[in-house]
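Heads up, the thing below is written out as structure tokens.
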Protein chains: 2
Amino acid sequence: MAGEMAGGMASDGGGGAGRTDGETGLPASLETAWGLRARPSKGPRPGLSLDRIVRVGIGVAAAEGVGAVSMGRVAKELGVSTMSLYRYVSAKDELYVLMEDAAVGPPPPMPADVDGWRAGLEWWARAQREVFHRNLWLLRIPISSPPASPHSLQWMERGLAALADTGLDEGRKISVIMLIGGYVRNEATLMADLHAAMTARGLAPDEVMRRYERTVDALTAPDPGRYPALRHLLASGALGAPDESPDTEFEFGLGCLLDGVEVLVGSGGGATRTA
Amino acid sequence: MAGEMAGGMASDGGGGAGRTDGETGLPASLETAWGLRARPSKGPRPGLSLDRIVRVGIGVAAAEGVGAVSMGRVAKELGVSTMSLYRYVSAKDELYVLMEDAAVGPPPPMPADVDGWRAGLEWWARAQREVFHRNLWLLRIPISSPPASPHSLQWMERGLAALADTGLDEGRKISVIMLIGGYVRNEATLMADLHAAMTARGLAPDEVMRRYERTVDALTAPDPGRYPALRHLLASGALGAPDESPDTEFEFGLGCLLDGVEVLVGSGGGATRTA
DNA sequence: CAGTAATGCGTATGCCTTACGCAGTACCTG
DNA sequence: CAGGTACTGCGTAAGGCATACGCATTACTG
């Protein structure tokens with residue numbers, strides 16, 4: 001299990017891609033991604049580029065999952081030796097961050113007809129969801145640190161911007177952004193799990209849920225008195241055959257969330273009740 | 001990165017702990033955890049037990065993180081050989097599931113003074129959060145399949161029970177449960193990340209956030225016009241020194257969520273708008 | 001034309017999971 | 001009580017993984 005410890009951005013590689021801590025406190029590869037850092041004009045011209053490495057990494061991840069992305073694998077795909085990559089990236093986790101940022105990309109331009117904070121957030125959430133759905137492997141990369149990559153910050157900017165004229169104070173805005181961002185990620189992850197379970201064996205999506213229903217049924221049947229609510233749920237059949245599409249389900253949750261935010265905004269809840 | 005593909009419960013180990021698919025479709029070890037499955041009275045008495053293995057696994061995870069939990073490590077701790085464990089568990093991921101279930105434990109009894117669906121859900125969410133906070137390593141185990149372990153189902157039962165007299169239809173109840181469960185997990189994960197970043201280097205929690213603030217500042221300063229909302233946020237200082245405790249922050253999000261659910265319940269939104 | 005810094009990469013270490021198969025054990029049947 | 005047999009623990013080994021270290025090579029700078 002790689003990259004499990006959070007915050008493990010780099011452990012100071014002795015190689016060529018260590019830390020700078022000059023200004024940003026970011027690892028060298030990320031500073032390169034931000035476009036700070038000119039190529040030193042001394043040694044031989046690099047035969048590779050961060051960009052190429054990241055692109056290949058994404059290709060492997062998209063085709064075979066993040067688990068297939070190893071330094072060796074990426075190197076082989078590029079026709080270079082494994083260790084070459086460490087001249088560009090100081091650790092595998094750093095490669096992950098770069099892959100993530102590249103795949104996420106910049107937020108698309110917001111349509112002109114989106115008006116008001118609620119519509120803005122809705123749009124923001126849906127756009128983010130689309131990104132995840134296009135790159136399911138993204139969801140398998142554990143979050144290791146607060147967003148500091150170029151595109152992440154652009155998305156963050158957009159989210160905050162949507163809340164600009166709500167009157168919420170800044171702390172609240174972050175909370176709301178994280179609340180909704182977390183929801184989107186969570187929902188997408190669940191869908192990705194279902195999808196994975198589906199393709200792992202050759203099952204239709206309904207079949208997966210029906211099996212799960214049967215499992216829960218078999219487990220709770222011996223002692224129904226202990227699981228009244230679950231038994232009720234099973235009897236309704238809602239578990240095995242949800243009568244909503246994933247999209248509607250998503251919109252439901254999002255609506256719920258935004259209703260909650262609306263209560264906050266409406267109440268003039270800008271002021272932070274300090275605990 | 002182990003256990004990354006979802007649904008990868010077992011790949012049919014050739015050893016002793018394969019699948020049954022008799023009734024539940026669960027791997028053998030989980031059926032043992034459910035108390036189905038009597039020990040076959042044939043061979044030598046097992047020198048180990050699932051329980052002991054799982055307990056040791058939890059011990060290692062609690063002390064050194066999930067990353068330190070390897071089959072070899074657990075075996076060494078038990079004074080047996082690595083391969084012995086595979087008589088009890090068909091794959092490492094299965095061990096994870098069992099560790100998770102054991103650590104989560106059954107939901108505590110609900111206090112008598114908790115009344116109404118809203119208070120019930122609040123209690124449920126807080127109780128779950130406490131479990132995560134007591135076992136931060138839990139959050140590093142990727143969710144690989146819908147909950148089917150004994151304690152997971154008990155928690156699910158409790159959540160559903162809290163919604164019993166809301167009039168919501170069963171599909172909606174699942175949605176709400178997943179919405180809140182997801183929120184709790186997400187919030188706990190963020191806290192765990194912060195905690196990990198904190199202990200990784202010897203920093204105070206505020207220091208971590210202050211550094212992040214400085215990073216974002218350094219990154220957005222060169223082109224402020226591109227990040228108006230972020231610059232505004234930075235100017236407010238809310239990023240580096242949030243004036244709320246994590247607990248208040250959590251309650252804020254939960255309140256938001258429940259406000260949203262309340263809108264749904266109040267509107268008599270039991271009927272599912274089929275897409 | 002030196003000096004120098006950065007490059008690619010070979011080698012090696014120490015992890016990890018897990019397939020396979022053997023030898024021993026304890027119960028059940030006759 | 002003898003023998004079959006299912007089940008146990010575990011030795012061996014294969015194949016992956018990230019990455020530390022150091023060397024030869026390259027191309028720019030003075």
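The chains referred to below are lettered A, B, ... by the order of the sequence lines, with proteins before strands, and numbering in each begins at 1.
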**Request:** Can you sort out the partners of A:Asn186 under side chain to side chain contact (heavy atoms under 4.5 Å, CB included), two or more places apart, ordered by chain and number?
**Result:** none

**Item:** Value in whole Å for how far the P atom of C:dA19 lies from CE of B:Met71
**Value:** 11 Å

**Prompt:** Of A:Gly72 and B:Gly47, whose nearest nucleotide on DNA chain D comes first from the 5' end?
**Reply:** B:Gly47

**Complete:** Of C:dC16, D:dC17, C:dG8, the nucleotide closest to the side chain of B:Ser70 is C:dC16

**Prompt:** Between D:dG11 atom P and B:Tyr86 atom OH, what is the distance in whole Å?
**Reply:** 15 Å

Can you list, pair by pair, the side-chain donor-acceptor contacts under 3.5 Å of residues 49-62 of chain A, counting residues two or more places apart and other chains?
unit_1  : atom_1 : unit_2  : atom_2 : d
A:Ser49 : OG     : A:Arg52 : N      : 3.1
A:Asp51 : OD2    : A:Arg55 : NH1    : 2.7

**Item:** Rounded distance in Å - CG (B:Leu85) to C1' (D:dG11)
**Value:** 15 Å

So which protein N/O to nucleotides 5-7 of chain D N/O distances come out below 3.5 Å?
none

**Message:** When you compare the side chain of B:Val104 with that of B:Ser152, does any pair of heavy atoms fall below 4.5 Å?
**Reply:** no

**Asked** Is any side-chain N or O of B:Tyr88 closer than 4.0 Å to OP1 or OP2 of D:dT8?
**Response** no

**Prompt:** Quick one: side-chain hydrogen bond (donor to acceptor under 3.5 Å, both in side chains) partners of B:Glu213, sequence neighbours excluded?
**Reply:** none

**Item:** ring pair (Phe, Tyr, Trp, His ring centres under 6.0 Å) partners for A:Tyr227, two or more places apart
**Value:** none

**Message:** Output the rounded distance in Å from CE (A:Met83) to P (C:dT13).
**Reply:** 15 Å

**Asked** What salt bridge (Lys or Arg N to Asp or Glu O under 4.0 Å) pairs are there with at least one residue in residues 143-155 of chain A, not counting sequence neighbours?
**Response** none

**Fill in**
Quick note, ring pair (Phe, Tyr, Trp, His ring centres under 6.0 Å) partners involving residues 180-203 of chain A, not counting sequence neighbours, are A:Tyr183-A:Phe250

**Prompt:** Taking atom C1' of D:dT19 as reference, at what distance in whole Å does atom NZ of A:Lys92 sit?
**Reply:** 12 Å

**Asked** Hey, can you pull the residues of residues 73-81 of chain A with a non-hydrogen atom under 4.0 angstrom from DNA chain C?
**Response** A:Val80, A:Ser81

**Side-chain touch B:Leu30/B:Pro150, heavy atoms, less than 4.5 angstrom** = yes

**side-chain hydrogen bond (donor to acceptor under 3.5 Å, both in side chains) involving B:Thr82 - partner list, sequence neighbours excluded** = none

**Prompt:** What's the CG-C1' distance between A:Leu50 and C:dG8, to the nearest Å?
**Reply:** 16 Å

